[in-house]
Amino acid sequence: MGAARCSRLLPLLLLLLAPWGPRVSGGLRSPRRRWPVPYRRFDYRPKTDPYCQARYTFCPTGSAIPVMKEEDVIEVYRLQAPVWEFKYGDLLGHLKIMHDAVGFKSSLTGKNYTMEWYELFQLGNCTFPHLRPDMEAPFWCNQGAACFYEGIDDAHWKANGTLILVTTISGAMFNEMAQWVKYDNETGIYYETWTVQASPDKNSTVWFDSYECSKFILRTYQKLADLGAVFKKIQTNYTSIILFSGEPIYLGNETSIFGPQGNKTLAAAIRDFYNPFKPHQSVREFFVDLFKIIDRVILNHQFYLFYNLEYWFLPMKSPYLKIIYEEVPLPVGSKASFGV
């Protein structure tokens with residue numbers, strides 16, 4: 001999940017402490033469609049807009065993924081630590097808001113490496129847009145990308161998190177994985193914070209899946225399993241931030257809503273919804289906007305979601321928002337196993 005501007009996310013996190021608000025049993029219906037909505041992949045990664053600025057530089061020590069000798073034996077490590085651990089220690093670990101990565105150690109060279117996927121411009125910017133006075137449409141800085149660099153910061157991962165061996169692979173498998181990472185990184189370019197589902201029930205309908213750090217690690221593990229990696233039998237849990245709603249209603253894209261022939265009433269409603277999530281300059285401003293968020297999300301059951309460059313209306317329902325830390329088992333491969 002990575003570093004972020006806390007002020008943009010804190011109002012939503014505070015909703016976790018709000019058990020009140022009327023329950024609703026359903027919402028408006030949209031035409032029958034496929035759920036969850038498939039995450040959209042692209043042909044190439046666009047250049048970022050200079051308006052988007054990161055408080056913390058993305059991947060400051062990043063390097064190209066090396067080509068390993070095919071006979072190398074490489075240890076693969078599960079890495080997990082609380083979000084913003086470098087700044088706040090285990091504070092968000094108590095809420096189980098965790099960031100995931102994967103580590104590699106070459107037996108031939110003794111070198112180790114870290115690979116992760118996170119936001120280019122911090123989590124707050126990926127979750128909520130900027131409302132620029134010179135633009136009708138909300139402006140998003142929501143790209144995410146893979147970061148690969150030499151070294152594993154043992155202290156960072158061990159202090160309040162996890163650093164544990166999960167499998168061993170060959171150099172040839174590592175090189176195949178590296179080719180897959182290049183494709184995955186060039187085609188899956190937008191960070192999606194929210195999982196959206198119908199209820200907290202285990203078999204509840206999922207309307208939208210998130211696309212963030214843990215999903216990249218899960219895809220990487222699955223790719224290694226498909227290449228023949230055999231994973232250890234250990235429990236692995238991951239963080240999800242879930243919104244609960246009735247069936248979502250498709251609204252349109254930026255052009256159809258905010259363009260010259262767009263729906264000005266809907267455009268104003270979307271801008272008005274996102275306004276309280278802006279960075280706050282004072283405590284008073286923060287609490288004023290917090291009450292606006294409570295009014296819209298909990299009392300009026302409204303949320304506007306931006307997903308795949310399109311807008312959706314979510315008829316929100318109790319419990320509205322929940323952070324879960326649940327087990328996702330390590331994968332089972334589909335090729336002949338590689339043994340060391």
**Asked** When you look at Phe42 and Thr187, which way does the side-chain contact (heavy atoms from CB on, under 4.5 Å) test go after all the steps?
**Response** CA-CA 5 Å; Phe42 295 81; Thr187 60; 5.7 Å; no

**Message:** Under a plain distance cut-off of 3.5 Å, with no hydrogens placed, do Glu310 and Asn253 share a side-chain donor-acceptor pair?
**Reply:** no

**Request:** Search all heavy atoms of Lys111 against all heavy atoms of Glu150 and return the closest pair with its distance.
**Result:** CD-OE2, 3.6 Å

**Item:** Phe128 and Pro138, any side-chain heavy atoms less than 4.5 Å apart
**Value:** no

**Prompt:** Does a side-chain heavy-atom distance below 4.5 Å link Leu321 with Trp194?
**Reply:** yes

**Message:** Is it the case that atom CG in Asp43 sees more than 12 heavy atoms from other parts of the structure closer than 6.0 Å?
**Reply:** no

**Request:** Would you mind reporting whether Tyr211 and Trp117 have side-chain heavy atoms less than 4.5 Å apart?
**Result:** yes

**Asked** What residues, two or more places apart in sequence or in another chain, satisfy side-chain hydrogen bond (donor to acceptor under 3.5 Å, both in side chains) together with Asn263?
**Response** none

**Request:** Any chance you could lay out the side-chain contact (heavy atoms from CB on, under 4.5 Å) test for Met177 and Leu224, step after step, and finish with the verdict?
**Result:** CA-CA 7 Å; Met177 179 211 69; Leu224 292 176; 3.9 Å; yes

**Asked** Roughly how far, to the nearest 0.5 Å, is CE of Met68 from CD of Glu176?
**Response** 14.5 Å

**Prompt:** Do Asp272 and Arg296 come within less than 4.5 Å of each other through their side chains, counting heavy atoms only?
**Reply:** yes

**Message:** So that I know where these two stand, are Tyr304 and Tyr274 an aromatic pair - ring centroids less than 6.0 Å apart?
**Reply:** no

**Asked** In this structure, are over 12 heavy atoms from other groups packed under 6.0 Å from Glu70 atom CD?
**Response** no

**Message:** One pair to check against side-chain contact (heavy atoms from CB on, under 4.5 Å): Glu116 and Phe216. What are the steps and the verdict?
**Reply:** CA-CA 8 Å; Glu116 52 192 337; Phe216 173 73; 5.9 Å; no

**Request:** Kindly check if the number of other-residue, nucleotide or ligand heavy atoms within 6.0 Å of CD (Glu75) is above 12?
**Result:** yes

**Prompt:** Sub-3.5 Å donor-acceptor pair from the side chain of Asn175 to the main-chain atoms of Val67, do we have one?
**Reply:** no

**Heavy-atom donor-acceptor pair, Asp72 side chain to Leu108 backbone, under 3.5 Å** = yes

**Item:** Check SG atoms, Cys52 and Cys141, less than 2.5 Å apart
**Value:** yes

**Test item: Glu254 side-chain N/O and Ala137 main-chain N/O as donor-acceptor pair under 3.5 Å** = no

**Asked** Between Tyr118 and Phe58, is the gap from one ring center to the other below 6.0 Å?
**Response** yes

**Prompt:** Which residue pairs pass the ring-ring contact (aromatic ring centres under 6.0 Å, His included) test with at least one member in residues 217-240, sequence neighbours excluded?
**Reply:** Tyr221-Phe231

**Asked** Distance-only, no hydrogens or angles: does the Thr236 side chain make a donor-acceptor pair with backbone N or O of Val328 under 3.5 Å?
**Response** yes

**Asked** Name the one of Arg45, Lys215, Arg219 that satisfies salt bridge (charged side-chain N to carboxylate O under 4.0 Å, His left out) with Asp184?
**Response** Arg219

**Item:** Test item: Lys232 side-chain N/O and Leu330 main-chain N/O as donor-acceptor pair under 3.5 Å
**Value:** no

**Item:** Backbone N/O of Thr109 and side chain of Ser106: donor-acceptor pair under 3.5 Å
**Value:** yes

**Request:** Quick one: pull up CD1 in Ile257 and CG in Leu266 and give me the separation to the nearest 0.5 Å.
**Result:** 4.5 Å

**Request:** Take the angle between the ring planes of Tyr320 and His301 and call it parallel below 30°, perpendicular above 60°, tilted in between.
**Result:** parallel

**Prompt:** Under 4.5 Å between side-chain heavy atoms, hopping through other hydrophobics if needed: is there a path connecting Val206 to Leu218?
**Reply:** no

**Item:** Asp226-Gln222 side chain donor-acceptor pair, cut-off 3.5 Å
**Value:** yes

**Fill in**
Joining Ile, Leu, Val, Met, Phe, Trp and Tyr whenever any side-chain heavy atoms lie under 4.5 Å apart, the cluster holding Leu163 also takes in Tyr77, Leu79, Ile152, Trp157, Leu165

**Item:** disulfide bond (SG atoms under 2.5 Å apart) contacts in which one or both residues fall within residues 143-187, not counting sequence neighbours
**Value:** Cys59-Cys147

**Prompt:** Side-chain heavy atoms under 4.5 angstrom apart, residues restricted to Ile, Leu, Val, Met, Phe, Trp, Tyr: same cluster for Leu251 and Phe139?
**Reply:** no

**Request:** Please examine the side chains of Asn142 and Phe306, heavy atoms only from C-beta on, and report whether any two atoms are closer than 4.5 Å.
**Result:** yes

**Request:** Spell out, yes or no, whether Phe277 and Met135 are grouped together once hydrophobic residues are joined by side-chain heavy atoms under 4.5 Å, including indirect joins.
**Result:** no

**Verify same cluster id: Tyr149, Val76 (apolar side-chain graph, 4.5 Å)** = no

**Fill in**
Taken to the nearest 0.5 Å, the spacing of Trp35 CH2 from Phe208 CZ works out to 5.0 Å

**Asked** Are Met316 and Tyr250 connected in the hydrophobic side-chain network, where two residues link if heavy atoms are under 4.5 Å apart?
**Response** yes

**Asked** Other than Ile242, what residues sit in its cluster of Ile, Leu, Val, Met, Phe, Trp and Tyr side chains whose heavy atoms are under 4.5 Å apart, directly or through others?
**Response** Phe244, Ile324

**Gap between atom CD1 of Ile270 and atom CD of Glu136 - 0.5 Å precision** = 12.0 Å

**Within 6.0 angstrom of Phe291 CZ, more than 12 heavy atoms from elsewhere** = no

**Fill in**
In short, Tyr183 meets Arg41 closest at the heavy-atom pair OH-CD, 3.9 Å

**Steps toward side-chain contact (heavy atoms from CB on, under 4.5 Å) verdict (His130, Asn125)** = CA-CA 8 Å; His130 294 264; Asn125 287 321; 2.8 Å; yes

**Message:** Do Tyr113 and Pro66 make a side-chain contact, defined as non-hydrogen atoms from C-beta onward lying under 4.5 Å apart?
**Reply:** yes

**Asked** Should Tyr39 and Glu192 count as side-chain neighbours, where that means a heavy-atom distance under 4.5 Å?
**Response** yes

**Prompt:** Is there a donor-acceptor pair closer than 3.5 Å between any side-chain N or O of Asp100 and the backbone N or O of Thr239?
**Reply:** no

**Asked** Which heavy atom of Glu186 sits nearest a heavy atom of Ile189, and at what distance?
**Response** O-CG2, 3.7 Å

**Prompt:** How long is the span from the CD atom in Gln302 to the CG atom in Asp295, to the nearest 0.5 Å?
**Reply:** 8.0 Å

**Donor-acceptor under 3.5 Å (Gln80 side chain, Asn237 main chain)** = yes

**Fill in**
Scanning both residues in full, the closest heavy-atom pair of Ser199 with Ser204 reads N-OG, 2.8 Å

**Request:** Using atom types as modelled and distance alone, determine if a side-chain donor or acceptor of Glu212 lies under 3.5 Å from a backbone N or O of Ser214.
**Result:** yes

**Message:** Taking CG in Asn203 as the centre, count heavy atoms belonging to other residues, nucleotides or ligands within less than 6.0 Å. Is the count above 12?
**Reply:** no

**Message:** Which heavy atom of Asn185 sits nearest to which heavy atom of Ala145, and what is that distance?
**Reply:** OD1-CA, 3.4 Å

**Request:** Enter the distance from Tyr307:OH to Thr193:OG1 here, rounded to the nearest 0.5 Å.
**Result:** 11.0 Å

**Message:** Going by side-chain hydrogen bond (donor to acceptor under 3.5 Å, both in side chains), name the residues that satisfy it together with Asn275, two or more places apart in sequence or in a different chain.
**Reply:** none

**Item:** Within-4.5 Å side-chain heavy-atom neighbours: Trp312 and Trp207
**Value:** no

**Item:** Phe258 vs Tyr311, ring pair (Phe, Tyr, Trp, His ring centres under 6.0 Å): CA-CA, chis, key distance, verdict
**Value:** CA-CA 11 Å; Phe258 298 95; Tyr311 288 91; 5.8 Å; yes

